[in-house]
Enquirer: 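Quick one: structure below, then a few questions.
We number each residue from 1, following the sequence as shown.
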Amino acid sequence: MNTDPLSTGTDSLAFSVSRGAGHAVLSVAGNVDAGTEQRFRDALTSVLAHGVPRIVVDLSRVAFMSSAGIGVLMGVRRVLADAGGSLVLACPHGEVAQVLSITGVAEVIPVADSVADAVAALGS
């Protein structure tokens, strides 16, 4: 797997992308909220622009996600589903896992306990 830093910033949100055969893993670190929503969207859009049909979003280093982040995830899920691709979330914990459950996102977007499990859940 090839790992490239996508961006780092001063607004407490950073990303890196690992690419595998037919998929990418976007690792996110920081808080996803109204102030960082556009950077989160841009990071996912950048992965989509490379024609990757299957994406894992690693949330292991995300401490907080607001409804703005949920909206970004649901939008990307829709874009991928319309193109025959898929999205899987990996390693949410604490409040982030709770928000995904309470909002019903975890019923729409598969959630895995590890990045390896998430990649396996993408299928082929």
Enquirer: Indicate the atoms forming the closest heavy-atom contact of P92 with V96, along with that distance.
Expert: CB-CG1, 4.0 Å

Enquirer: If you round to the nearest 0.5 Å, how far is OG1 of T103 from CG of L73?
Expert: 9.5 Å

Enquirer: Tell me whether F64 shares a hydrophobic cluster with L44, the cluster being built from Ile, Leu, Val, Met, Phe, Trp, Tyr side chains joined at under 4.5 Å.
Expert: no

Enquirer: Please identify which of these residues, V57, I55, V56, meets the side chain to side chain contact (heavy atoms under 4.5 Å, CB included) condition with V25.
Expert: V56

Enquirer: For the backbone of A21 and the side chain of R54, can you confirm whether one donor and one acceptor N or O come within less than 3.5 Å of each other?
Expert: yes

Enquirer: Give a yes or no on this: more than 12 heavy atoms of other residues, nucleotides or ligands lie within 6.0 Å of atom CD of Q38.
Expert: yes

Enquirer: Would you say the side chain of L87 lies within less than 4.5 Å of the side chain of V79, judging by non-hydrogen atoms?
Expert: no

Enquirer: Taking side-chain hydrogen bond (donor to acceptor under 3.5 Å, both in side chains) as the test, write out the residues that go with S66, two or more places apart.
Expert: none

Enquirer: In Å, rounded to the nearest 0.5 Å, how long is the span from CG of L26 to OG of S16?
Expert: 7.5 Å

Enquirer: Does any N or O in the side chain of R77 come within less than 3.5 Å of the main-chain N or O of I109, such that one atom is a donor and the other an acceptor?
Expert: no

Enquirer: With rounding to the nearest 0.5 Å, note down the distance linking CG in L100 to NE2 in H93.
Expert: 11.0 Å

Enquirer: If I compare all heavy atoms of M74 with all of V108, which pair ends up nearest, and what's the gap?
Expert: CE-CG1, 3.8 Å

Enquirer: Could you report the tightest heavy-atom contact between A112 and A118, atom names first, then the distance?
Expert: CB-N, 3.5 Å

Enquirer: R41: which residues meet the side-chain hydrogen bond (donor to acceptor under 3.5 Å, both in side chains) condition with it, sequence neighbours left out?
Expert: E37

Enquirer: Under 3.5 Å, is there a donor-acceptor pair between the side chain of D33 and the main chain of T36?
Expert: yes

Enquirer: Closest heavy-atom contact between A24 and V52?
Expert: N-CG1, 3.5 Å

Enquirer: Heavy atoms, side chains only, cut-off 4.5 Å: are H50 and V17 in contact?
Expert: no

Enquirer: Do you know the tightest heavy-atom contact between I70 and M65?
Expert: CD1-SD, 3.8 Å

Enquirer: If you round to the nearest 0.5 Å, how far is CZ of R61 from SG of C91?
Expert: 11.5 Å

